[in-house]
2 protein chains.
Amino acid sequence: MLPALRRARIIELLQRDGAAGLKEMSQALGVSVSTLRRDVDYLCEQNYLERTYGGALLTNRLSGRELEREIASEVESVAKGVIGQRAADLIQPGQTVILDSGTSTAAAARIARERGVAFTAITNDFTIAAILSESPAITVLVTGGVVRAGTSTLLGIDTLHYIRRLRADLAFVGTHALSEGEMSDTSIELAEVKRAIIAAADRPVLLADSSKIFSRTFCSFGRITDMHHLITDSRLPADRLVVLERNGLRVDVVPVGADGA
Amino acid sequence: MLPALRRARIIELLQRDGAAGLKEMSQALGVSVSTLRRDVDYLCEQNYLERTYGGALLTNRLSGRELEREIASEVESVAKGVIGQRAADLIQPGQTVILDSGTSTAAAARIARERGVAFTAITNDFTIAAILSESPAITVLVTGGVVRAGTSTLLGIDTLHYIRRLRADLAFVGTHALSEGEMSDTSIELAEVKRAIIAAADRPVLLADSSKIFSRTFCSFGRITDMHHLITDSRLPADRLVVLERNGLRVDVVPVGADGA
DNA sequence: GAGATTTTTCAATATGTCTCAAATATCAAA
DNA sequence: TTTGATATTTGAGACATATTGAAAAATCTC
């Protein structure tokens, strides 16, 4: 059984029961207590769970759809984790930061919360709001809007109005695709919100794991040169990197997997 | 049984009965008095409860410091479930419904989602938004606002503006306390939002499990006669019920526990 | 002062931590 | 593709630490 799958099952188990003992879980999954303990420790570091003596509890019970997403992101979380980490490093105390919806930005939120930096966050994603609101140091503002079906993302005219009123120091924007210097996503409404976020921030930063780069979807929300810089991972082929930098973009490559971390 | 769960149970017991003896609790949970005593001492240090000779009482925390997550997830009471169910029954297809933050309203959301009724929901709580957004039949609007520290509730001027623009068919409002016809809660900002929700709905409905009734906090958000009716559970003493009805309020009592469900 | 409750102490048990060897996967060179 | 060398992951054991239940001693309530 794949480690990532096993960890996903652990979250599933806890989702059902709220809490469970280590022995109990190791039997349910058919692995040794040692292995299960390591998994639980890992998930605990990633802030999915809390440890208690003899077992673990789910930090915030997610609903079905969110769970699937968490599991999906768990499978390829490494790149997103390190990208998020680099992004979180950018936040200075007292700053105002807009966080777009997305798994990379959620990872950044998780790490920013850990750091204990005091700042003001604005987000249109209530999963991210939930993550950040656990830290007393962080003031969390949520844009209004319509929930995009099956996600935790807020969209629509209310969201746009809210963001357009703002001016922020920093913004973390995720993208579905990036090709030929054009950032794009899957829906017009999503694209409009991202465009507004970019316009509202002094330093808009694009978070994109290398799998995203050079794929393509139909809804553009701006050119890459609108961004202050790009954070991506080291699986990005070198020749692609050159293309991006030739456009005058600052690219921040974080090491991942075999080639560094 | 996990120590953390056991402690959660203790809180649950005390929430139901207000106070309990150590021996009594140790028998109810099937652990020795020594262990139970240690748990109670621990919870006492954490300010969840107060010791008395031979037993313990729940602390009256007016400051609104929320329960630890580990415990909060365990105290989902039966009463809230049935109250939520009755509330969900009120929703007709195509209606617009405002859902205030709170566990009773969250229970209503869960059941409304199950029912598969198509309606439009507006909420200032992103836990509720998450619950409702899983159903494709429900359009979910979230108010903007500042996240109340440690909760999933949105507050502040943005929340108020958003709600004041609205007109809804129905609203479910939770309350922290209800005494002498006056509904009250723990913070001014919370009270303002509730007031706005009540004003925005044709039929504002109060959800209050009987433990809430006749306790009292300092921030009033309106008289009970502002509401269309009240849903509560059958643990409410009969004489209290009479008092409420004499004020012209329609009271809907759902059976719970020994006396019905 | 009598009875119950709390405090203190201790041994048994369960859990956590650390280390190590075997199994498995990964990768580079033949 | 195969092979061998090198990491990584896994399960198990030894040891440290934490929790539990019981009993004796001290304290409290009425």
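So that the names make sense, note that chain A is the first sequence line, chain B the second, and so on, each numbered from 1. Source: prediction; values computed, not measured.
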Quick one: on DNA chain C, does B/R38 or B/L22 contact a more 5' nucleotide (nearest heavy atom)?
-> B/L22
What's the CG-P distance between A/D41 and D/dT9, to the nearest Å?
-> 14 Å
Using whole Å, report how far CE of A/M25 lies from P of D/dG11.
-> 15 Å
Nearest-angstrom distance from the residue atom OH of B/Y53 to P of D/dT29 | 6 Å
Note: A/R203-A/D169 ion pair, threshold 4.0 Å (strictly below) | no
A/Q85 and A/R115: CA distance, side-chain angles, deciding distance, side chain to side chain contact (heavy atoms under 4.5 Å, CB included) verdict = CA-CA 10 Å; A/Q85 194 154 347; A/R115 299 272 159 88; 3.4 Å; yes
What is the distance, rounded to the nearest whole Å, between atom CG of A/L29 and atom C1' of D/dT9?
-> 16 Å
Phosphate OP1/OP2 of D/dG11 contacted by A/T35 side-chain N/O (<4.0 Å) = yes
Any side-chain N or O of A/R37 under 4.0 Å from OP1/OP2 of C/dG16?
-> yes
Side-chain donor or acceptor of B/T175 paired with backbone N/O of B/S184 under 3.5 Å | yes
Indicate, yes or no, whether a donor-acceptor pair under 3.5 Å links the base of D/dA12 to the side chain of A/S32.
-> no
Which nucleotide sits closest to the side chain of A/R6: D/dT10, C/dG16, C/dT6?
-> D/dT10
Rounded to the nearest Å, what distance is computed from the CE atom of residue B/M1 to the C1' atom of nucleotide C/dA14?
-> 16 Å
Heavy-atom check, side chain of A/I198 versus side chain of A/V173, under 4.5 Å = yes
Counting N and O atoms only, with roles assigned by atom type, does the side chain of B/K23 sit under 3.5 Å from a partner on the main chain of B/V33, one being a donor and the other an acceptor?
-> no
So, is A/K23 near the phosphate of C/dT15, with a side-chain N or O under 4.0 Å from OP1 or OP2?
-> yes
Determine the contact category for B/T52: base if any of its heavy atoms lies under 4.0 Å from a base atom, sugar-phosphate if only primed atoms, P, OP1 or OP2 are that close, otherwise nothing.
-> sugar-phosphate
Given atom CG of B/D39 and atom C1' of D/dA18, what is their separation to the nearest angstrom?
-> 13 Å
Return the value, rounded to whole Å, for the distance between atom CD of A/Q27 and atom P of D/dG11.
-> 14 Å
Nearest-angstrom distance from the residue atom CG of B/L36 to P of D/dT19 | 15 Å
